[in-house]
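Notes follow the structure.
Just so it is clear, the model here is predicted, and its values are computed rather than measured. Atoms considered below: every heavy atom in the structure, side chains included; atoms not considered: hydrogens, waters and symmetry mates. In what follows, chains carry the letters A, B, and so on, assigned in the order in which the sequence lines appear, proteins first and then strands, with residues in each chain numbered from 1.
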Protein chains: 2
Amino acid sequence: MVTLEDVARHAGVSLATASRVLNGSTRQVGASLRARVEQAAQQLGYRTNVAAQTLARGASNVVGLVVHDLTDPYFAALADGAMRVAEDQGLMVMVATTHRDPEREIAYVATLNAQRVRAVLLAGSRIANPGVTRRLREELDRYRATGGRIACVGQDLLGADTVAPGNAEGAAELARALAGLGHRRFAVLAGPPWLITAQDRVSGFTGALAELGLPAPQLVHGTFDRDGGYGAAAEVTDATCVFAVNDVMAVGALASFRDRGIRVPEDVSVAGFDDIATLRDLVPSLTTVRLPLSDMGARALELALDPSEEAREPRVERVSGEVVLRGSTRGLTPEG
Amino acid sequence: MVTLEDVARHAGVSLATASRVLNGSTRQVGASLRARVEQAAQQLGYRTNVAAQTLARGASNVVGLVVHDLTDPYFAALADGAMRVAEDQGLMVMVATTHRDPEREIAYVATLNAQRVRAVLLAGSRIANPGVTRRLREELDRYRATGGRIACVGQDLLGADTVAPGNAEGAAELARALAGLGHRRFAVLAGPPWLITAQDRVSGFTGALAELGLPAPQLVHGTFDRDGGYGAAAEVTDATCVFAVNDVMAVGALASFRDRGIRVPEDVSVAGFDDIATLRDLVPSLTTVRLPLSDMGARALELALDPSEEAREPRVERVSGEVVLRGSTRGLTPEG
DNA sequence: GACCTCCTGGAAAACGATTGCCAATCTTGC
DNA sequence: GCAAGATTGGCAATCGTTTTCCAGGAGGTC
């Protein structure tokens, strides 16, 4: 293992000079020594020991990203955006997946704190569990107390900079659009009752229906993934339009209807939420609410890294979804 | 920032004892001291400084994962598998995306080397560029020379442990299955000419056709993603069956045909490769070759971590794909 | 020519852990 | 009651950098 000292000796300079040449410094080093050091490093195949560097500098070049599930395209898109800005800033990204276990989320924050990462990004819905949320906040406070920066994508529940998708507003907008198509009897595939993202989408949707004087939709709970949508769709009775609180669940719902010979959109309309890129080529194409996921991930990391953060109120940036009507929903004649 | 020394002082013990209590050691510590130390750590909110630990131990708890594109479900699935075993082993995963730029892949290996990660996983196709491959191997050798472990998912071209999908074999099997359905005139959406994964799938496919005495398929190159499939499909002339070298391209091809009023599978059959989970609910459902992606990622990390690796020939584990015939391909009558 | 400043190079003290070695205490068998 | 062995605690060296401080030389000004 070749160390900086080896390089320095080989180049006939001091450790300090070698360090200044190889790992950025404000100090200048004369051209001839600089060349000698660089050549020595090259010849010896020197690679900075980042652990030592981190220790000495007291700051690492790593950011942490905590997601629920990387195979969910929602999180993959967020991660992609965050990694884009990380690369621009010369940072590496440590990714942790909780598989929707909030305990693991807390544990990972502790681990990332131990790693002294520059920033932690928490992506994905909070859950309605005060105890867990409190313990998570404690862990985050501990991290913050030592200079750690935090940003979330999702609900503004952690007292940190947040990129907050307009879940309720988007769902409400969607409800109005669907009502505009003539639908009156709705069902909502609502996901797990404790997932706040799901809650918000449900309440935005039902709230807008109520405002329009329409009957409350049938609520069917289930998991937040494809199979949850598939299962919940089977319990829908008597609706002309089904809103799945995310696209992946909508895909499950489509499959369920197809398997049972129910045609979409002729017999029932289906809408989702997120506008997952991989699913844009579905047939029928999915009516949904578009979220700029990659940009949201990128923005969250920017917020976390922005040094103007000192001793200020947490910033919350709302990003609004855009309703995209596509083939999975159809207009109803008034008597339809 | 609370350090181990703070904890030791607060507990009235030496640094050594505190270290032994808090960060695993072979040495035992008496129950009463142990309790005192644990309580002090708890009260002070101590978190190990991993950088210092890594420096002192000379080994880190991080593995590196280099992928082409995390939003590609292929890589997301591999990453998920790898992260599963990482979690089992108490390791963190540093993920880097090259966005298909081989120079960046080399740079990331250097960076991960600097991080002294335990192992590096290189996922994704190698490219047919001897110069780049040579420089990558040099960088890998440098890493290996200092005890780094390496594994790849893809071609066995780097002299490292490899999980090698049977691209050629799978494609050949697929060709035989499609020929068995009665198809004679094929087109292949071949991806980029320099991508070895694409090459292998193309050559496996065309090789099998040749063995069957069938005419050579039309080859259309393009990018390895959805848009590449979409564009390439437009150039297909006179084929009853189109093989896209991966599922995501196949989705693009389906979209292209649909946009042009060409029915799948009635007018043309379409097949892909990989069996991406997110795409299983497509209509028509995609005939493809299933690869156990998550397990492959997991296995690759296991290989890299397996200590029996000492001074041995690199291991190559072949994993074979399984042809899955679905609705996007149909049988032809002999005169069809 | 003296004095001051600016620039560059090096010696050495951190940074926060781990661990080899030594010493003290405790068991245990006789 | 004692020696041998097993445990347990602590001192201090070590890991590979960064960075502060100091010194010497170059260049500029009066």
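One can place CG of A:N61 at 14 Å from P of D:dT17, the figure rounded to the nearest angstrom. Counting to the nearest Å, the P atom of D:dG16 and the CZ atom of A:R9 are 12 Å from each other. Per the geometry, CG belonging to A:L4 stands 13 Å off P belonging to D:dT19, to the nearest Å. Following rounding to the nearest Å, B:Q28 (CD) and D:dG9 (C1') show an atom-to-atom distance of 13 Å. Following rounding to the nearest Å, B:R34 (CZ) and D:dT7 (P) show an atom-to-atom distance of 15 Å.
Listed by residue number, A:L15, A:A16, A:S19 are the residues of residues 10-19 of chain A with a heavy-atom contact under 4.0 Å to DNA chain D. Across residues 39-60 of chain B, B:L55, B:A56 each have a non-hydrogen atom less than 4.0 Å from an atom of DNA chain D (numbered order).
Side-chain atoms of A:T97 and A:D69 form no donor-acceptor pair, as typed in the model, at a separation below 3.5 Å. Inspection of the B:T197 and B:S125 side chains reveals an N or O donor paired with an N or O acceptor under 3.5 Å. Remark: the A:D80 side chain and the B:T71 side chain contain no N/O donor-acceptor pair separated by less than 3.5 Å.
Counting only distance, with no hydrogens or angles, the side chain of B:R315 and the backbone of B:L303 share a donor-acceptor pair below 3.5 Å. One N or O on the side chain of B:T54 and one on the backbone of B:V50 form a donor-acceptor pair closer than 3.5 Å. A donor-acceptor pair is defined here as one N or O able to donate and one able to accept, closer than 3.5 Å; no such pair exists between the side chain of A:R20 and the backbone of A:R27. B:R84 contributes no side-chain N or O that, together with a main-chain N or O of B:D295, makes up a donor-acceptor pair within less than 3.5 Å.
Under the rule for a salt bridge (charged side-chain N to carboxylate O under 4.0 Å, His left out), the partners of A:R142 that lie at least two apart in sequence or sit in another chain are A:E139.
For the pair B:S19/B:L4, a side-chain contact is recorded, criterion being any heavy-atom separation below 4.5 Å from C-beta on. Counting only heavy atoms from C-beta outward, the side chains of B:R118 and B:N61 approach each other to under 4.5 Å.
Contact between B:A119 and B:L305 at its shortest, heavy atoms only, is CB-CD1, 3.7 Å. Nearest heavy-atom pair across B:V93 and B:M83 is CG2-CG, 4.0 Å.
Note that the two end axes of the helix from C:dG1-D:dC30 to C:dC30-D:dG1 enclose an angle of 30°, each drawn from 5 base pairs, rounded to 10 degrees.
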Please tabulate the protein-to-nucleotide N/O contacts below 3.5 Å involving nucleotides 24-27 of chain D, giving atom names and distances.
none

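A salt bridge is defined here as a Lys NZ or Arg NE, NH1 or NH2 lying under 4.0 Å from an Asp or Glu carboxylate O, and A:R299 with A:E302 meets this definition. A salt bridge links B:R104 to A:E87: at least one charged side-chain nitrogen sits closer than 4.0 Å to a carboxylate oxygen.
The outermost nucleotides of DNA chain C lying under 4.0 Å from heavy atoms of chain A, listed 5' to 3', are C:dT8 to C:dG16.
Between A:N23 and D:dT18 there is a side-chain polar atom (N or O) within less than 4.0 angstrom of OP1 or OP2.
Two residues, B:L33 and B:R116, neighbour DNA chain D, and the one matched to the more 5' nucleotide by heavy-atom proximity is B:L33.
Each of B:F75, B:F224, B:Y108 was evaluated against B:H68; a single residue qualifies, B:F75, per the ring-ring contact (aromatic ring centres under 6.0 Å, His included) test.
If you take CG on B:L122 and CD on B:Q155, they are separated by 11.0 Å, rounding to the nearest 0.5 Å.
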